[in-house]
Amino acid sequence: GSCGSDCSSRKPDKSSFLEPMNEYSKVKRVIGVVSGKGGVGKSFVTSYLSVLMNRKGYNTAILDADVTGPSIPKAFGMKEMVQANELGIIPAVTKNGIEMISVNLLLDAEDTPVIWRGPVIAGTVKQFWSQVLWGDVDYMFVDMPPGTGDVPLTVFQSLPQELVSMIVSKAVNMAKMMDIPVLGLVENYSYIQCGNCGEKISVFGKSHIDEISAKFNLPVLAKLPLDSKIAEAIDAGAVEELQGD
């Protein structure tokens, strides 16, 4: 980084960071769901993307990389601890066949706090990739923690697949710096729709997603509403029963 010229030493060999996948696994595509801040609905987007692709007949999986704030299992009503054998960790499987790994599925109780430092967390994410016995997965969705810190960097560097991300601002720039292709943008909590007249009300003020889209030349993939049905489905562990496009 201190080199003054544009020589090869300024760009590390990315292959040196790649973490090998479990030899018994086959994952074709990896899609990371990322945001520069927390509380924006990454876990819902991750969960529902896996559900929608599963309904289309694809084999889908979720790697919950938000180690200190895991919420993916709750959305699916998954509580039992995962098991392991001599070949690796066996992922949990939802009732509709979505494979899943999350730190909450390794704990005795889902409300046990994860008080780990950054290197340990990053190492856990690598293990989720290299030591889990993923099946024949068409699309793996990765629920990333907020920001552009250790875990997003670890995922970008370690997973040797085509990683497509839904991110904005700093996260977009981080992806570009890591040569990660970006699929597009999702705006959650975009509006509330009146149940009587159908008017869309922007409760958080005017949206700027289209401006961001133009700035980075990225498509807006979806504008998701504030909807009590979504919250009720997640709280009930019934995201697979949720209907909508």
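In this chain, residues are counted from 1 in sequence order.
The closest side-chain heavy-atom distance from Asn85 to Ile90 is below 4.5 Å. Counting heavy atoms from C-beta outward, Asp138 and Thr60 have side chains that stay 4.5 Å or more apart. Met140 has its side chain within reach of Trp129: a pair of non-hydrogen atoms, C-beta onward, lies under 4.5 Å apart. Using a 4.5 Å cut-off on side-chain heavy atoms (C-beta onward), Leu221 and Leu185 make no contact. Proximity of Val182 to Phe216: side-chain heavy atoms (C-beta onward) are nowhere separated by under 4.5 Å. Using a 4.5 Å heavy-atom cutoff, the side chains of Ile101 and Ile89 are in contact. The closest side-chain heavy-atom distance from Val186 to Leu224 is below 4.5 Å. The shortest side-chain heavy-atom distance between Ile98 and Val93 does not fall under the 4.5 Å cut-off.
Pro225 and Asn188 get closest at one heavy-atom pair: O-OD1, 4.4 Å. For the pair Ala75 and Ile234, the tightest heavy-atom approach, listed with the atom from each and the gap, is CB-CD1, 3.8 Å. Contact record, Met78 with Ala92: CE-CB, 3.6 Å, taken as the closest heavy-atom pair. When every heavy atom of Leu133 is checked against every heavy atom of Leu87, the shortest pair comes out as CD2-O, 3.6 Å. Closest heavy-atom contact between Ser47 and Ile62: CA-CD1, 4.1 Å. Taking both residues in full, the closest heavy atoms of Ile230 and Phe44 are given as CG2-CE1, 3.5 Å, listed atom of the first, atom of the second, then distance.
Listed for the Trp134 side chain is a donor-acceptor partner under 3.5 Å among the backbone atoms of Phe128. Formation of a donor-acceptor pair under 3.5 Å by the Arg55 side chain with backbone atoms of Glu240 is found in this model. No donor-acceptor pair closer than 3.5 Å links the side chain of Ser190 to the backbone N or O of Lys223. A donor-acceptor pair under 3.5 Å is absent between the side-chain atoms of Ser25 and the main chain of Met21, judged by distance alone. The backbone N or O of Asp136 sits less than 3.5 Å from a side-chain atom of Asn59, completing a donor-acceptor pair. With Tyr139 contributing its side chain and Lys28 its backbone, the two residues share no donor-acceptor pair below 3.5 Å. A donor-acceptor contact shorter than 3.5 Å is absent between the side chain of Gln193 and the backbone of Lys200.
Atom CG of Asn22 sits about 12.0 Å away from atom CD of Gln127, to the nearest 0.5 Å. Atoms CD1 and CZ, on Ile72 and Phe141 in that order, are 11.0 Å from each other to the nearest 0.5 Å. Taken from NZ in Lys42 to OG in Ser71, the straight-line distance is 9.0 Å, to the nearest 0.5 Å.
With hydrophobic clusters built from ILVMFWY side chains whose heavy atoms lie under 4.5 angstrom apart, Val203 does not share a cluster with Tyr191. Put simply, Val30 and Tyr24 are part of two different groups of oily side chains (I, L, V, M, F, W, Y) that touch within less than 4.5 Å, one to the next. Under the 4.5 Å side-chain heavy-atom criterion for grouping Ile, Leu, Val, Met, Phe, Trp and Tyr, Val137 is connected to Val82 within one hydrophobic cluster. When hydrophobic clusters are built by joining Ile, Leu, Val, Met, Phe, Trp and Tyr residues whose side-chain heavy atoms come closer than 4.5 Å, directly or via intermediates, Tyr48 is grouped together with Leu183.
Partner of Met100 under the side chain to side chain contact (heavy atoms under 4.5 Å, CB included) criterion, out of Val132, Leu105, Asp64: Leu105 alone.
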*asked:* As a quick check of understanding, evaluate side chain to side chain contact (heavy atoms under 4.5 Å, CB included) for Leu49 and Val33, giving each step before the final call.
replied: CA-CA 10 Å; Leu49 279 172; Val33 181; 4.2 Å; yes
*For side chain to side chain contact (heavy atoms under 4.5 Å, CB included), just list the numbers for Phe76 and Ser50, CA-CA rounded to whole Å, side-chain angles, deciding distance to a tenth of an Å, and then say yes or no.*
CA-CA 11 Å; Phe76 290 87; Ser50 70; 3.8 Å; yes
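For Lys229 and Glu241, the salt-bridge test fails: no basic side-chain N is under 4.0 Å from an acidic carboxylate O.
Counted within 6.0 Å of CD on Glu80, heavy atoms from surrounding residues, nucleotides or ligands total 12 or fewer; the atom is thus considered open. The environment of Asp235 atom CG is dense: over 12 non-hydrogen atoms of other residues, nucleotides or ligands sit within 6.0 angstrom.
Under 3.5 Å, the side chains of Ser43 and Asp143 contain a donor-acceptor pair of N or O atoms.
Ser207 meets the side chain to side chain donor-acceptor pair (under 3.5 Å) test with Glu187; sequence neighbours excluded. Residues forming a side chain to side chain donor-acceptor pair (under 3.5 Å) with Asp227 (at least two apart in sequence, or on another chain): none.
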